[in-house]
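Worksheet: one structure, shown below.
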Amino acid sequence: MSEAKEYRREIMEAAHNERIKLALTRAIASYRNNVNEALRRFPHTLEMAKEVQKIKQNAVANLD
C-alpha cells in the first residue's frame, strides 16, 4: 500500500473514532471560548491587527 493510501486510511479511521471526535469538539469549543474571552477583554485587538497588516503591506511594497 502506498504511503498516501495508508495516510488516507488512517485519517478515515480517525474521523470515525468517537474519542477523537469528542476531543476535537471539546478543543474547538474551548478555543472559541478563549478567543471570545480575549476579544471581550481586549476589544482593540482586531483594530490593532488591521493596523499591523497595513504596516506590513506598506513595508513589503517599499522593499529595495
Side-chain angles (χ1 to χ4, degrees):
M1 181 179 293
S2 73
E3 284 186 45
K5 285 183 180 179
E6 176 66 17
Y7 180 71
R8 178 174 161 68
R9 185 190 63 74
E10 289 176 10
I11 293 295
M12 294 308 292
E13 279 182 19
H16 298 294
N17 183 307
E18 291 303 318
R19 291 180 72 181
I20 292 175
K21 284 182 186 179
L22 179 61
L24 285 173
T25 299
R26 288 178 177 168
I28 291 168
S30 177
Y31 172 80
R32 288 179 177 159
N33 288 336
N34 290 339
V35 167
N36 289 337
E37 177 62 15
L39 291 175
R40 185 190 67 73
R41 290 181 62 201
F42 307 103
H44 59 284
T45 301
L46 294 178
E47 288 303 316
M48 286 179 64
K50 289 177 187 175
E51 184 178 346
V52 169
Q53 184 179 25
K54 287 178 186 176
I55 291 169
K56 285 182 178 181
Q57 288 171 343
N58 187 40
V60 170
N62 292 301
L63 288 174
D64 290 335

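Side-chain atoms are counted along with the backbone in the values below, which use heavy atoms only and exclude waters and symmetry mates.
By the criterion of side-chain heavy atoms lying less than 4.5 angstrom apart, applied directly or through intervening Ile, Leu, Val, Met, Phe, Trp or Tyr residues, Leu39 is grouped together with Tyr31 in one hydrophobic cluster. Under a hydrophobic clustering in which Ile, Leu, Val, Met, Phe, Trp and Tyr are joined whenever their side-chain heavy atoms come within less than 4.5 Å, directly or via other members, Val35 and Leu46 fall into the same cluster.
Note: Thr45 OG1 to Lys50 NZ = 12.0 Å, rounded to the nearest 0.5 Å. Separating the OG1 atom in Thr25 from the CD1 atom in Ile20 is a distance of 11.5 Å, to the nearest 0.5 Å.
Proximity of Arg32 to Ile28: side-chain heavy atoms (C-beta onward) are separated by under 4.5 Å at one or more points. The side-chain heavy atoms of Arg9 and Lys5, taken from C-beta on, include no pair separated by under 4.5 Å.
No more than 12 heavy atoms of other residues, nucleotides or ligands lie within 6.0 Å of CD in Glu3, so this atom counts as exposed by the packing criterion.
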Under the side chain to side chain contact (heavy atoms under 4.5 Å, CB included) rule, what do Glu51 and Glu47 come out as? Steps first, then yes or no, please.
CA-CA 6 Å; Glu51 184 178 346; Glu47 288 303 316; over 6 Å; no
Show your working on salt bridge (Lys or Arg N to Asp or Glu O under 4.0 Å) between Lys21 and Glu18 and close with a plain yes or no.
CA-CA 5 Å; Lys21 284 182 186 179; Glu18 291 303 318; 3.6 Å; yes
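Here the side chain of Asn34 pairs a donor or acceptor atom with the backbone of Ser30 at under 3.5 angstrom.
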